[in-house]
Every structure is written in C-alpha cells, then in structure tokens.
Amino acid sequence: MVLTKTADDISSMRVRGAGRIARTAALALQEYGASLECKTLAAFVDEMQNAAEILCKTRPTAVSLPNAVRYVMQGVRGAGTLEEAQQALNDRATTFIHDSQEAVQKIADIAARQFPDDAVIMTHCNSQVAIACIVRAHEQGRVREVYATEVRPRNQGYITIQMLSDAGVPVNFIVDSAARSFMPKVDLVITGTDAVTANGAVVNKIGTSQIALCAHEARKPFIVAAETYKFAPRTILGERIPIEERPAEEVTGSGRQLPPGVTVKNPAFDVTPPAYVDLIITEIGAFAPSYAPVVIRDHLGWDISEFQKEYAFTHQYGE
Ligand SMILES: O=P(O)(O)OC[C@H]1O[C@H](OP(=O)(O)O)[C@H](O)[C@@H]1O
C-alpha cells in the first residue's frame, strides 16, 4: 500500500532530502486519500489523520515533513463535507508540490546573485536547493569550481558530485575532515537545511556546524538555502528540534566488531548557531537569521492562538 511503502522509503532514506521528503509525503497523502472508500467525513478525517501520523513519525528532524503534512491536512480538517475534504486534500497536495518545486527555482535566482565572479564554492551533504543555486550561478558563468564533502556515514556527497558533474560544474571531492584545509581557497559556503528555528539556528547534516565555524574563522560567507516550509513554527513555543540518531551500523559497516563496551554515536544532524550564518535565502527573499520569527509569523501565518491549536494537533501525532 502506497502509505506504508512511502513511510518505509522515507525512514530507510530511499527517499531523502528535506524538500523531497515533504513532497513525497504530500503525494502519499493525496494518493492515499484517493484510494479510500469512506462513507462519512468523520471516517475520512480519521483515516487521513492516522496516515498523517504514520508519515510524521518516519524522520524526526526535517520540519519540512510535518509542515507539508500540516498544510495538506488543514484542508481535510477544515472541510464541512466528505466531498469538500477530498477536494481540499487533492488541491492542497498539488499546490504544495508545485509551490515547493517553484520555491527551489526562486531561491536559485536569488542566491546566484550572491556568488562573486569566478566563485569557488564549498557545500556539504546533498541539498537539492543548494545545488540548484550553484548550478544557476554556474549557468551565469560565475562558478569556477566546487569543493563537495563526502558526508560520512551515508556518503550523500557522492550524489552531490554526480549532480554537479551532470550539470557541467567542476568539482573537487574532499573528505569531511578536509573542510578547514580548503576553506582559504573558498569564496562562500552554501548548504541546505532540514530546519530553521525561531532564533535563526540552522539544523542540517552532521558536520555542517564545523564547516560554518571554519567559514566564520576564515571570514567566508556561510549561506543557507531554505524554502520557507523548513522554518520550524513550534520552536516559538520553546520546542527543540529532535536530532535523529541513526543506527550504529551506518558508522561501523556491517560485520565490523567493536571492542566490548564501545558505543557508537550517530546523530544525523547538528545545529549551527545563528552567529555563524550570514544569510538564509528563501523563496520570499534573503534574510539574516534574526528574521526567522517574521517568516514564521507573517509568511507561514502562525499566530500564537493558532500555535496552541496546532500544538495540540501535532502532539496528537505522538511527536
Ligand atoms: O531539501 P534539500 O535541500 O534537498 O535537503 C536538505 C537536507 O536534507 C538532507 O538530509 P538527509 O540526507 O535526508 O538526512 C541534508 O541534511 C540536506 O542538507
């Protein structure tokens, strides 16, 4: 069934990347809703809420996932009839997927203006939106080369170097621990993000904060490309973004014996404080991290009374 397959694809990282996870979840809700044969609105809402809950539990850090689910489910929860709910589900899922893809292109247009001529860029992990920015600037003739990290333990760097090579961008592939060595050669660093908190901190692939620190030390701009649905509204209520801890085997490889008593820590993400982030580029503009609460309030449209309702809603999902 489409829903359990999608949930499994996301948790096993066959589907990965914050934006892609969000679009895949919206599509799964749409397809699941279309497959239901409920006779009443209540039964439909019930089924859809269960589906939303299953999807939201797959990966805990990327806030794009609950934001997408919330956006799609608002149509279902606000409907007066079964037909309205079905229509709203379909319309909202389509709109989210379309707007999400369009946002990536808008961000690329804005970000490319930040690239100096003959730019040398560093990126970390595999971000669809960061790569779109690099490729756009390269199309404009302003990228000399990219330093792309390996991204242990899942090695998403291989996907990045493939995508950049396919786009004709010259790439240097480096191990994660080489980031500081190469930073002096770099003009700017650009990454994606899985979540931006209300204080402008950036939650992204493990190792991002070390690279941001190196960029700060070397006085190189550290830029984050983030669709607005990667801003985390609940952080205004003081909630923290959970950092996903993944299996030890991702680090050790299967079959590798560790000495007795040794434990493996494998957090998938880390937090870069706002002081190390020069600019967050969204589809509605390029801002300092301190602008995050404005994005959450004015663009995502969350007011404090809605926070309280949404708080109850999301906690229904067992987060
Ligand atoms: O939406 P886009 O920019 O593609 O994704 C951004 C982020 O998603 C990835 O997470 P993972 O590989 O799914 O753990 C990385 O942390 C990457 O920076």
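Counting starts at 1 for both ligands and their atoms, in listed order.
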Students often mix this up, so state it plainly: with edges at 30° and 60°, are the rings of F173 and Y158 parallel, tilted or perpendicular? perpendicular

Shortest non-hydrogen contact between S64 and A22, atoms and distance: O-CB, 3.4 Å

Any idea which protein heavy atom is nearest atom 12 (O) of ligand 1, and the distance to it? R16 NE, 2.6 Å

If we number the atoms of ligand 1 from 1 as shown, the ones under 4.0 Å from a heavy atom of F269 are 10 (O), 14 (O), 16 (O)

Which of the atoms of ligand 1 are close to K230, meaning less than 4.0 Å from one of its heavy atoms? 1 (O), 2 (P), 3 (O)

What atoms of ligand 1 come closer than 4.0 angstrom to any heavy atom of V129? 3 (O)

Pick one of side chain, backbone, both or neither for how T191 approaches ligand 1, counting any non-hydrogen atom pair under 4.0 Å. neither

Heavy-atom donor-acceptor pair, H216 side chain to I211 backbone, under 3.5 Å: no

Between E102 and H98, is there a donor-acceptor pair closer than 3.5 Å when you use the side chain of the first and the backbone of the second? no

Under 4.0 Å from a heavy atom of M13: give me the atoms of ligand 1 that qualify, with their elements. 12 (O), 14 (O)

Any donor-acceptor pair under 3.5 Å from N126 side chain to G157 backbone: no

Given V45, which of E47, Q49, M48 fulfils the side chain to side chain contact (heavy atoms under 4.5 Å, CB included) condition? Q49

Starting from atom 14 (O) of ligand 1, what is the nearest protein heavy atom, named by residue and atom, and what distance separates them? K205 NZ, 2.6 Å

What protein heavy atom is closest to atom 5 (O) of ligand 1, reported as residue, atom name and distance in Å? A18 N, 3.0 Å

What do you reckon, does T193 put a non-hydrogen atom under 4.0 Å from ligand 1? yes

Search all heavy atoms of I121 against all heavy atoms of V186 and return the closest pair with its distance. C-CG1, 4.3 Å

Are H124 and T191 linked by a side-chain donor-acceptor pair shorter than 3.5 Å? no

Starting from atom 10 (O) of ligand 1, locate the nearest protein heavy atom and write down its residue, its atom name and how far away it is, to 0.1 Å. D194 OD2, 3.3 Å

Closest non-hydrogen protein atom to atom 4 (O) of ligand 1, residue and atom name please, with distance? Q128 N, 2.7 Å

Does any N or O in the side chain of T123 come within less than 3.5 Å of the main-chain N or O of A148, such that one atom is a donor and the other an acceptor? no

Heavy atom under 4.0 Å from ligand 1: found in H124's side chain, backbone, both, or neither? neither

Please check if the side chain of R142 supplies one atom and the backbone of A137 the other of a donor-acceptor pair under 3.5 Å. no

Any nitrogen or oxygen of G19 lying under 3.5 Å from a nitrogen or oxygen in ligand 1? Just yes or no. yes

If you count the atoms of ligand 1 from 1 in the order shown, which ones are under 4.0 Å from a heavy atom of C125? 15 (C)

Does ligand 1 have any atom sitting under 4.0 Å from a heavy atom of R154? no

Number the atoms of ligand 1 from 1 as they appear, then name those within less than 4.0 Å of a heavy atom of N204, with their elements. 7 (C), 15 (C), 16 (O), 17 (C), 18 (O)

When you look for heavy atoms under 4.0 Å from ligand 1, do you find them on the side chain of Q156, its backbone, both, or neither? side chain

Write down the atom of A130, the atom of S127, and the distance for their closest heavy-atom approach. N-OG, 2.9 Å

From G192, S127, G17, S64 - option closest to atom 3 (O) of ligand 1 by heavy atom: S127

